[in-house]
Enquirer: 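After the structure tokens below, expect a handful of questions from me.
All values below come from the heavy atoms of this structure, side chains included, with hydrogens, waters and symmetry mates left out.
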Amino acid sequence: QLQLVESGGGLVQPGGSLRLSCAASGFTLRYLAIGWFRQAPGKEREGVSCIDTSGGSTKYADSVKGRFTISRDNAKNTVYLQMNSLTPEDTSVYYCAAARRAVCVMTAEYDYWGQGTQVTVSS
């Protein structure tokens, strides 16, 4: 069964950091572009970051540039999202998604989705 599982979410104070992980089971992420998305209550899902299959090309939403870093470890079949300098506006459910193509996009055109992990930034 093909499955993406996010982990690493939780409660953090403003200015803090979290690292989200997206692990795959049942298939390899090596040949898939990966995206991270988030959705807060009452808001539309938005693209946060994405990475191509080689890891050489990444994209970020303007709201997270300079604070978030996406990376992948194909040997571990895992993609990471390092989130620094978190603010309450980053509070959301974060989802990872995988697409059967090399190039990543920041729109929701992905083939596989995880169940999400909650990130709450609050003092």
Enquirer: Enter the distance from L29:CG to I51:CD1 here, rounded to the nearest 0.5 Å.
Expert: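 That separation rounds to 11.0 Å.
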Enquirer: Please say yes or no: joined through hydrophobic side-chain contacts below 4.5 Å, possibly via intermediate residues, are F27 and Y95 part of one cluster?
Expert: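 As far as the 4.5 Å side-chain criterion goes, Y95 and F27 are not connected within one cluster.
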Enquirer: Taking the side chain as every heavy atom from C-beta outward, state whether V105 and Y110 have any atom pair closer than 4.5 Å.
Expert: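 V105 reaches Y110 side chain to side chain.
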Enquirer: With R45 as the cation and F37 as the aromatic partner, state whether NZ or CZ is under 6.0 Å from the six-membered ring centre and within 45° of the axis.
Expert: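 Not satisfied by the 6.0 Å and 45° rule.
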Enquirer: Does the side chain of C96 reach to within under 4.5 Å of the side chain of V79, using non-hydrogen atoms?
Expert: no
Enquirer: Taking only residues at least two apart or on different chains, which pairs with a member in residues 66-79 satisfy side-chain hydrogen bond (donor to acceptor under 3.5 Å, both in side chains)?
Expert: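 Applying side-chain hydrogen bond (donor to acceptor under 3.5 Å, both in side chains) to every pair that reaches into residues 66-79, excluding sequence neighbours, yields R67-D90, R72-N74.
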Enquirer: Does V64 reach the side chain of R38, with side-chain heavy atoms less than 4.5 Å apart?
Expert: yes
Enquirer: Nearest 0.5 Å, please: how far is OG in S17 from CZ in F68?
Expert: 9.5 Å
Enquirer: Other hydrophobic cluster members with Y31, side-chain heavy atoms of Ile/Leu/Val/Met/Phe/Trp/Tyr under 4.5 Å, chained?
Expert: none
Enquirer: Going only through I, L, V, M, F, W and Y residues with side-chain contacts under 4.5 Å, is there a path from V12 to Y80?
Expert: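 Different hydrophobic clusters.
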Enquirer: Do L20 and E6 make a side-chain contact, defined as non-hydrogen atoms from C-beta onward lying under 4.5 Å apart?
Expert: no
Enquirer: Within the side chain of T91, is there an N or O that forms a donor-acceptor pair under 3.5 Å with the backbone of T120?
Expert: no
